[in-house]
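The structure appears right after this line, and notes come after that.
Throughout, a chain's letter reflects where its sequence line sits, starting with A, and its residues are numbered from 1. All values reported here derive from a predicted model rather than from experimental measurement.
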Amino acid sequence: MGVGIKVENLNAWFGKHQALHGINMDILPNHATAIIGPSGCGKSTFVRCLNRMHETNPDARAEGKVQVKDMNIYGEGVAPVDVRRRIGMVFQKPNPFPSMSIYDNVAAGLKLNGFRNRKKLDEIVEKSLRSSALWDEVKDDLKKKSGASLSGGQQQRLCIARALAVEPDVLLMDEPASALDPISTSKIEDLIFELKENYTVVIVTHNMQQAARVAEFTAFFLLGKLIEFDKTEKIFTTPTDKRTEDYITGRFG
Amino acid sequence: MSEATPQIQWHRRVADKLATALAVICVLLVILPLAAVFIYLVIRGVGSLNLAFFTHIPSGSPGEPGGGMANAIIGSVVILLIGSVIGVPLGVGSGIYLSEYSRGQFGKVVRFTADVLNGVPSIVIGIAVYGLLVLRQKHFSALAGGVALGIMMIPTITRSTEEMLRLVPNSIREAALGLGIPQWRSTLSITLRTAMSGVITGVMLAFARVSGETAPLLFTALGNSYWSTKLNQPIAALPLQIYVYALSPYDEWHRLAWAGALVLIVIIVATSASVRWVASRGFAGGAQ
């Protein structure tokens, strides 16, 4: 089951440059929330703060409160590694591990964290590949083919399976379809619909139609600030803020 | 426009042929010396290769026919093993440090040190190990020879490992971190594994380079005309034996020196080929 995320006064920096300014946001469980905004507005930085990936950049840091179920991920003594196991991430460009087979790619998160039960691993790999709608295309050469030998769209679904295999509560997607062709894109979008049943999905997208298609809620970011956050329908039809309206009607960005 | 096209194509075709020809000539020029050395070694050395060469130690009196280099072959293997045991883990380890962990000044210092060490003449390393180990132990030893070769391997392996790891796209590291895999684990099982074929190439280059080193062994392993595999005793080595025999006035020894040189090359090529073969199984080749 997915869980909600409660973001309170989240600030983030790259060196001296402040990339996020006091973000407050309540992300509902088992829904898809889209993050939109022009390039450089902090969308990616925001989702990367939600599983503490932001701080892996040199000189980057973040402050604030992000409550996921019973855990404030920026709380004292919370290990980033544990946060990332519970909050999975899919990146903009498909990034399967090239030295591993399809099977090992999906199993990597469990295997490299010390999970050894072979039979259970087989089950989880199959289940994850089925959830990411890739199973039928790869089931015959799971251990024969390298993850890098798949097509771009398949690679991205492999990356989704890999993220699902560690059984996270939340799935963050940073422009997951922007490097893909239209057919692969629509497959990923269909997938997001199914994933919502079991996970909370937060998706960054450049594409406003995509946000409208897959997400119940949409947040509009501008210059590191959250301008407006509401039901997707409301954002795209009757936005409250003038800047949101300007953006979605294509006046800038 | 349509009239000008054939002429443009004609120019382009000539330029294309020229560039290709130049590249092929360069390749031939590169292959030529290697082929020449190898062919010459085979011609001069293969006649002196017999079973005795691999099973006997040098004959008692100088220049006398018979005898072999069995002790030097085994001695080289022992010294190279010691060298690799020292050089490979230290080299790969510091390469990993430079690429994955160093931020700021200390990394620069390490990198600079490795480059300087790489440029130190091998004879100087031999003298240094002589001063540090041989003088203290009060005798030459296989161990000292291995240490000298190991030290020579470190900087080459460090820098090549670092370069190879840097070629691994950052997105691969992010993917691993995003799965909640601890950094040490992701570095060893994912980043290093992705770069493995390149790292092994670097290790083999370092290995091949020190395999033929004579100068650093002169003051450390010293050489030995008798059987010895003891680590704390002087030990024979192929390059040393070749050096001594080639400088001698005896024809029989000259022939043995040629054969020794041939065997040395074959050992290097065989080691390199077998290590690559082992490493290329699985998906190591999928990294590109």
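Heavy-atom pairs under 4.5 Å with chain B were tallied for A:Arg52, A:Lys93, A:Met53, A:Met89; the largest tally goes to A:Met53. Looking only at heavy-atom pairs under 4.5 Å with chain B, the residue among A:Gln92, A:Arg84, A:Arg162 that has the most is A:Arg84. Ranked by non-hydrogen atom pairs under 4.5 Å with chain B, the options A:Val166, A:Leu112, A:Val81 are led by A:Leu112.
Annotation for A:Phe14: atom CZ counts as buried by contact number, over 12 foreign heavy atoms lying within 6.0 Å. By the 6.0 Å contact criterion, CZ on B:Phe38 is open, its count of non-hydrogen atoms from other residues, nucleotides or ligands being 12 or less.
Under the 4.5 Å side-chain criterion, counting only non-hydrogen atoms from C-beta, A:Pro98 is in contact with B:Ile172. Under the 4.5 Å side-chain criterion, counting only non-hydrogen atoms from C-beta, B:Leu179 is in contact with A:Phe97.
One distance of note links CZ of B:Arg173 with OG1 of A:Thr56; it measures 11.5 Å at 0.5 Å rounding.
In this structure, the portion of A:Pro96 lying under 4.5 Å from any heavy atom of chain B is its backbone and not its side chain.
Proximity of a side-chain donor or acceptor of A:Arg85 to a complementary backbone N or O of B:Gly180 within less than 3.5 Å is detected. B:Arg193 places a side-chain N or O within donor-acceptor distance of the main-chain N or O of A:Ser99, the cut-off being under 3.5 Å.
We find that A:Arg48 and B:Glu174 are joined by a salt bridge, their nearest charged nitrogen and carboxylate oxygen being less than 4.0 Å apart.
Listed here is the closest heavy atom pair of B:Ser171 and A:Asn95: O-ND2, 2.9 Å.
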